[in-house]
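Right, one structure below, let's go through it.
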Amino acid sequence: MKKITGLLAAGFALFAGQAMAATLDDVKARGFINCGVSEGVPGFSNPNAEGDWKGFDVDMCRALSAAIFNDPTKIKFVPLASKQKVLAVVTGQVDLTSRTTTWTMKRDTKEGVDFTSVVFFDGQGFMTRKQNGAASAMDLNGATVCVTAGTTTELNLEDFARANSLEFEPVVFEGKKEAVNAYRSGRCDALTTDASQLAAFRITMPDPAEHVILPEIFSKEPLAPLVKHGDNAWKDLVTWTINGLITAEETGVTQGNASEQKASSKNPTVQRMLGVTGDYGSYLGLENDWLYNAIKAVGNYGEIYDRNLGSESPLNMPRGKNALWTKGGLLYVAPLR
């Protein structure tokens with residue numbers, strides 16, 4: 001019995017070693033992360049005038065880079081169209097996709113990827129021109145609607161029309177950029193996508209005040225970074241970096257006070273989070289200050305949200321469902337211990 005137990009233990013150790021030797025070792029050897037992002041969604045991932053990528057999804061990858069390399073710039077950002085965002089992970093073009101991607105059953109079970117933690121809770125809606133006079137999605141019966149091909153957005157549009165006995169004329173495009181440009185040029189009566197993206201695209205219109213986002217939200221869109229299926233160690237690292245950023249907001253650890261908290265906090269969760277106690281970095285193949293480095297680089301979840309999407313951004317989107325669970329939102333993560 002002891003011999004069998006020993007063989008099992010050795011087998012598990014070997015398996016664990018093989019799992020750890022996948023993407024993380026590849027990333028360390030390469031010296032940077034390949035991070036898949038959108039082709040350009042203000043607030044989420046968009047290059048500025050200097051070509052530097054900015055946004056909520058971008059900062060999630062920067063946090064990961066800081067956790068691994070103690071440097072948030074060790075990243076190559078790879079812009080991906082909607083149809084590419086899953087395939088790029090499966091084929092190894094990118095190490096993860098951090099790109100407004102909805103966690104669905106089909107993607108999670110049949111398409112060769114695993115989702116990590118939800119970073120943004122969203123839902124699909126419509127935007128139309130004020131001059132059309134629509135006050136509700138029900139007023140869009142017979143409308144042409146710009147939509148992106150091969151996405152949950154396209155499927156949700158079909159479901160919404162069927163459920164409400166509405167007739168839409170979908171105008172389908174390969175990429176989000178093409179769909180938005182077509183709506184901007186007047187080719188469609190309405191544009192449909194996640195409500196947060198509608199708000200982002202609205203401010204890029206020549207006259208944002210001439211466009212309205214209708215009140216109906218008709219889908220669940222839990223957005224999460226995704227990694228290749230089967231690389232459990234890499235999935236754990238991405239998942240717990242996100243969980244750590246949310247836990248940092250819960251415990252009041254910020255980009256500005258992380259060093260002080262590391263030196264003086266008596267909160268056991270904060271001590272574990274910042275590498276003062278325990279050996280939690282070793283669980284991920286990292287140093288114990290991995291999360292401290294991430295927070296110092298990009299701030300906690302709330303700071304990332306406010307800077308890119310909330311009160312400090314042109315979008316000024318309220319937290320809503322994306323508030324902490326202690327403040328009436330849905331952000332509730334497993335304990336870091």
Side-chain angles (χ1 to χ4, degrees), residues 38 40-44 46 55-56 82 100-102 104 118 120-173 175-223 305-306 308-323 327-330:
S38 70
V41 179
F44 284 94
N46 207 31
F56 180 86
S82 293
T100 57
T101 305
T102 303
T104 67
V118 175
F120 194 91
F121 293 94
D122 214 339
Q124 189 169 330
F126 290 100
M127 179 165 65
T128 188
R129 289 170 179 78
K130 192 177 290 185
Q131 67 185 28
N132 292 336
S136 163
M138 304 304 166
D139 299 328
L140 294 177
N141 195 32
T144 54
V145 181
C146 284
V147 64
T148 310
T151 61
T152 56
T153 308
E154 186 180 17
L155 300 175
N156 292 336
L157 180 65
E158 295 172 2
D159 287 349
F160 182 77
R162 189 181 310 117
N164 292 281
S165 301
L166 297 173
E167 299 260 344
F168 295 131
E169 184 180 336
V171 184
V172 181
F173 298 89
K176 187 70 61 67
K177 183 168 26 176
E178 291 80 7
V180 173
N181 287 338
Y183 171 77
R184 184 183 286 113
S185 70
R187 186 171 173 186
C188 309
D189 300 314
L191 171 70
T192 186
T193 188
D194 296 349
S196 64
Q197 293 185 52
L198 293 176
F201 292 132
R202 181 176 177 271
I203 66 172
T204 71
M205 298 295 157
D207 187 353
E210 290 303 310
H211 302 265
V212 293
I213 298 172
L214 300 178
E216 289 84 1
I217 300 296
F218 55 92
S219 72
K220 293 189 297 184
E221 307 295 328
L223 309 181
Y305 186 101
D306 288 343
N308 295 296
L309 303 172
S311 58
E312 299 171 16
S313 81
L315 293 174
N316 196 24
M317 289 195 296
R319 290 283 293 267
K321 294 186 290 293
N322 294 294
K327 297 183 178 179
L330 298 178

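All heavy atoms count here, side chains included; hydrogens, waters and symmetry mates do not.
Contact annotation: the side chain of Leu214 never approaches that of Met127 to less than 4.5 Å [non-hydrogen atoms, C-beta and beyond]. Taking the side chain as every heavy atom from C-beta outward, Thr152 and Ser219 never approach each other to under 4.5 Å. Under the 4.5 Å side-chain criterion, counting only non-hydrogen atoms from C-beta, Val171 is not in contact with Val145. Arg184 is listed as a side-chain neighbour of Met205, based on a closest heavy-atom distance under 4.5 Å. Leu223 has its side chain within reach of Asp194: a pair of non-hydrogen atoms, C-beta onward, lies under 4.5 Å apart. Using a 4.5 Å heavy-atom threshold, the side chains of Met317 and Ser196 count as touching. Within the 4.5 Å cutoff, the side chain of Phe218 has heavy atoms near those of the Asn156 side chain. Contact of the Phe201 side chain with the Lys177 side chain is not registered, since no non-hydrogen atoms from C-beta on lie closer than 4.5 Å.
In terms of heavy atoms, Thr153 sits closest to Val147 at CG2-CG2, 3.8 Å. Nearest approach of Leu140 to Ala190, heavy atoms of both residues: CD1-CB, 4.2 Å. Nearest heavy-atom pair across Pro318 and Tyr305 is O-OH, 2.9 Å. Taking all atoms of both residues into account, the shortest heavy-atom contact from Ala200 to Ile203 is O-CG1, 3.1 Å. Shown here for Val118 and Pro222, the closest heavy-atom pair between the two residues is CG2-CB, 3.9 Å. Taking all atoms of both residues into account, the shortest heavy-atom contact from Ala143 to Asp189 is CA-OD2, 3.4 Å.
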Checklist entry - Where do Asn181 and Glu178 land on the side chain to side chain contact (heavy atoms under 4.5 Å, CB included) test, with the steps shown first? => result CA-CA 5 Å; Asn181 287 338; Glu178 291 80 7; 5.8 Å; no

Next on the checklist: Applying side chain to side chain contact (heavy atoms under 4.5 Å, CB included) to His211 and Thr128, what does each step give before you reach the verdict?
Outcome noted: CA-CA 6 Å; His211 302 265; Thr128 188; over 6 Å; no

Next on the checklist: Would Lys176 and Ser38 count as a side chain to side chain donor-acceptor pair (under 3.5 Å) here? Give the steps.
Outcome noted: CA-CA 9 Å; Lys176 187 70 61 67; Ser38 70; over 6 Å; no

Next on the checklist: As a quick check of understanding, evaluate side chain to side chain donor-acceptor pair (under 3.5 Å) for Asn308 and Ser313, giving each step before the final call.
Outcome noted: CA-CA 5 Å; Asn308 295 296; Ser313 81; over 6 Å; no

Checklist entry - Would Gln124 and Thr192 satisfy side chain to side chain donor-acceptor pair (under 3.5 Å), going step by step from the backbone distance to the final call? => result CA-CA 7 Å; Gln124 189 169 330; Thr192 186; 2.9 Å; yes

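A side-chain donor-acceptor contact under 3.5 Å links Glu216 and Ser136. Side-chain contact check for Glu221 and Thr102: at least one donor-acceptor pair (N or O, by modelled atom type) lies under 3.5 Å. Between the side chains of Asn322 and Arg319, no donor N or O sits under 3.5 Å from an acceptor N or O.
Distance check, rounded to the nearest 0.5 Å: CZ of Phe121 to CG of Leu330 gives 5.0 Å. Atom CG in Asn141 sits 5.0 Å away from atom CG in Leu166 (nearest 0.5 Å).
For the pair Arg129 and Tyr183, the distance from NZ or CZ to the six-membered ring centre is under 6.0 Å and the angle to the ring normal is within 45 degrees.
Ring geometry, Phe120 versus Phe44: the interplanar angle exceeds 60°, so the pair is classed perpendicular (tilted spans 30 to 60°).
The backbone N or O of Thr193 lies less than 3.5 Å from no partner atom in the side chain of Gln197, so there is not a single donor-acceptor pair.
Between Ser82 and the choices Thr148, Thr100, Thr101, the side-chain contact (heavy atoms from CB on, under 4.5 Å) rule is met once, by Thr148.
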